[in-house]
Amino acid sequence: MLGSASPRRRDILAGLGIPIRVAAANVPEVELPDEEPLAYLERVVSDKLRGSARAFSEGAGSAVLVADTIVVYGGRILGKPTDVPDARSLLERLAGRTHRVYTRYAIARAEAPLEPVAQRTVESSVTLRAASAAELDGYARTGEGLDKAGAYAIQGVGAFLVERIEGSYTNVVGLPACEVVTDLLGTGLLDHFP
C-alpha cells in the first residue's frame, strides 16, 4: 500500500512494476518553530506512517510505504507555492543556484504498521540555470509547479531550468526508486526484482 496521494510516487512504483494500492494518510505538513529541515522530514514521515496504520485494519495490503520530499536552500525548507506570484518568487531564489532535495521514506509490514522495517533519507543536489525573469514568470504561469516543493517539476516543462543534478533523479521527482527497491528486497517484501 502507498500511504501517499502523490501521483508522482504512484507513477514511479507503477513504472517499476510494483503493485500498489493507494490509501493516503491526511497529515499536516507544517514546520514547527525552529525545526530543522531533516527533523521536520523525519517527523512528517513518522506521522504519515501512524496515519496509514489505520488502513491496515481495512485490509489495504501487506506493507505500507510513506514518503515526503522537501527542497532546502539556505538551510530553510522551500515548500509548495501558494499561488503563481509565490511560485515566481521561489524560482527566483533558486535560479542560478544549487539546492538540495531530500526524500525520506519508511516501509512497514501489516502486522507491525508502526514499526518501520526500512527507513531512509536520500539527498540529491539540483542546480537551476540562471534563467531570465521572463522565463521564470512564464514557467510560474504554466501552473505546473504549484503543487510541488520548490515550485518546479523536473519531470515536466520545468526540466528546461535544470542545469545539473547530482544524485537520484527519481528522488527529486518524489521517491528514490533504487533505494526503495533495495529496501523492499532487503526486507523480503519483494522476493526478486525485476
K.L.:
Taking a hydrophobic cluster as the set of Ile, Leu, Val, Met, Phe, Trp and Tyr residues connected by side-chain heavy atoms closer than 4.5 Å, whether directly or through intermediates, do L146 and F160 fall within one such cluster?
P.N.:
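No, L146 and F160 fall in different hydrophobic clusters.
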K.L.:
Quick one: CG on L91 to CD on E135, what's the gap to the nearest 0.5 Å?
P.N.:
11.5 Å
K.L.:
When you measure from the side chain of E179 to the backbone N and O of R120, does any donor-acceptor pair fall under 3.5 Å?
P.N.:
no
K.L.:
For R100 and Y73, test the side chains for any donor-to-acceptor distance below 3.5 angstrom and give the result as yes or no.
P.N.:
no
K.L.:
Compare all side-chain heavy atoms of D68 with those of E29 and state whether any distance is below 4.5 angstrom.
P.N.:
yes
K.L.:
Could D147 and R8 be called an ion pair, given the rule that one side-chain N must be under 4.0 Å from one carboxylate O?
P.N.:
yes
K.L.:
With a 4.5 Å cut-off on side-chain heavy-atom distances among I, L, V, M, F, W and Y, is there a chain of contacts connecting L189 to I18?
P.N.:
yes
K.L.:
Shortest non-hydrogen contact from S4 to V22?
P.N.:
O-CG1, 3.3 Å
K.L.:
Do R9 and T69 meet the criterion of a side-chain donor-acceptor pair at a distance under 3.5 Å?
P.N.:
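Their side chains do contain a donor-acceptor pair, which is all the 3.5 Å distance test asks for.
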K.L.:
Is the backbone N or O of S124 less than 3.5 Å from a side-chain atom of E166, with the two atoms forming a donor-acceptor pair by type?
P.N.:
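Checking the backbone N and O of S124 against the side chain of E166, no donor-acceptor pair under 3.5 Å is found.
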K.L.:
Does a side-chain heavy-atom distance below 4.5 Å link L32 with Y40?
P.N.:
no
K.L.:
Do the charged groups of E115 and R109 touch, with an N to O distance under 4.0 Å?
P.N.:
no
K.L.:
Begin with the C-alpha distance, continue with both residues' side-chain angles, and end with the deciding distance and a verdict on side chain to side chain contact (heavy atoms under 4.5 Å, CB included) for E35 and R43.
P.N.:
CA-CA 10 Å; E35 188 173 35; R43 179 180 55 79; 2.7 Å; yes
K.L.:
Begin from the C-alpha positions of L175 and L65 and carry the test side chain to side chain contact (heavy atoms under 4.5 Å, CB included) through to its verdict.
P.N.:
CA-CA 10 Å; L175 191 67; L65 183 147; 3.9 Å; yes
K.L.:
Write down the atom of S125, the atom of T98, and the distance for their closest heavy-atom approach.
P.N.:
CB-CG2, 4.1 Å
K.L.:
D183 side chain to I107 main-chain N or O, any donor-acceptor pair under 3.5 Å?
P.N.:
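No, D183 side chain to I107 backbone: no donor-acceptor pair under 3.5 Å.
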K.L.:
Quick one: does Q119's side chain have a donor or acceptor within less than 3.5 Å of a partner on P116's backbone?
P.N.:
no
K.L.:
With the side chain counted from C-beta on, respond yes when E42 and R104 share a heavy-atom pair under 4.5 Å apart, and no when they do not.
P.N.:
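SC-SC contact between E42 and R104 confirmed.
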K.L.:
In a check of side-chain contact (heavy atoms from CB on, under 4.5 Å) between P176 and each of T121, V122, T182, which one passes?
P.N.:
V122
K.L.:
Would you check if the side chain of K48 reaches a backbone N or O of A67 as a donor-acceptor pair within less than 3.5 Å?
P.N.:
yes
K.L.:
If you measure from OG1 on T127 to CG on L161, what distance do you get to the nearest 0.5 Å?
P.N.:
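Output value for this atom pair is 12.0 Å.
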K.L.:
In Å and rounded to the nearest 0.5 Å, what is the CG to CD1 distance from L78 to I70?
P.N.:
9.5 Å
K.L.:
Any pair with a residue in residues 93-122 that passes ring-ring contact (aromatic ring centres under 6.0 Å, His included), sequence neighbours left out, goes on the list, sorted by first then second residue, please.
P.N.:
H99-Y152
K.L.:
Between the side chains of R76 and E36, is the shortest nitrogen-to-carboxylate-oxygen separation below 4.0 Å, so that they form an ion pair?
P.N.:
no
K.L.:
Atom CG of D191 and atom CG of L185: how far apart are they, to the nearest 0.5 Å?
P.N.:
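So the CG of D191 and the CG of L185 are separated by 8.5 Å.
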K.L.:
Charged N to carboxylate O below 4.0 Å: is that the case for E92 and R97?
P.N.:
no
K.L.:
I need the minimum non-hydrogen distance between G150 and L90, along with the two atoms involved.
P.N.:
O-CB, 4.3 Å
K.L.:
Going by side-chain contact (heavy atoms from CB on, under 4.5 Å), I12 matches just one of I20, V173, V180. Which one?
P.N.:
V173
K.L.:
Look at the side chain of S89 and the backbone N and O of P85, then say whether any donor-acceptor pair between them is shorter than 3.5 Å.
P.N.:
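A pair under 3.5 Å: no.
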K.L.:
Among V66, L114, V27, which residue meets the side-chain contact (heavy atoms from CB on, under 4.5 Å) test with S52?
P.N.:
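One option only clears the test, and that one is V66.
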K.L.:
Could you verify whether a donor N or O on one side chain and an acceptor N or O on the other, from R50 and S46, lie under 3.5 Å apart?
P.N.:
yes
K.L.:
Do L136 and V71 sit in the same hydrophobic cluster, where Ile, Leu, Val, Met, Phe, Trp and Tyr count as joined when their side-chain heavy atoms come under 4.5 Å apart?
P.N.:
yes
K.L.:
What I'd like to find out is whether the side chain of L128 reaches to under 4.5 Å of the side chain of E163, using heavy atoms alone.
P.N.:
no
K.L.:
Can you find a side-chain donor-acceptor pair between S168 and T170 that sits under 3.5 Å?
P.N.:
yes
K.L.:
Is it true that Y139 and L94 fall in one hydrophobic cluster, defined by side-chain heavy atoms closer than 4.5 Å?
P.N.:
yes
K.L.:
Please report the shortest heavy-atom distance between P81 and D86, naming the atom on each side.
P.N.:
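Nearest pair, atom of P81 first, then D86: CA-OD2, 3.1 Å.
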K.L.:
Hey, quick one: are V72 and Y169 part of the same hydrophobic cluster, counting side-chain heavy atoms closer than 4.5 Å, chains of contacts allowed?
P.N.:
no
K.L.:
Work out which heavy atom in L16 is nearest to a heavy atom in A177; give both atom names and the distance.
P.N.:
CD1-CB, 3.9 Å
K.L.:
Quick check: closest heavy atoms across L49 and A108, and the distance to 0.1 Å?
P.N.:
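Heavy atoms only, the tightest pair is CD1-CB, 3.9 Å.
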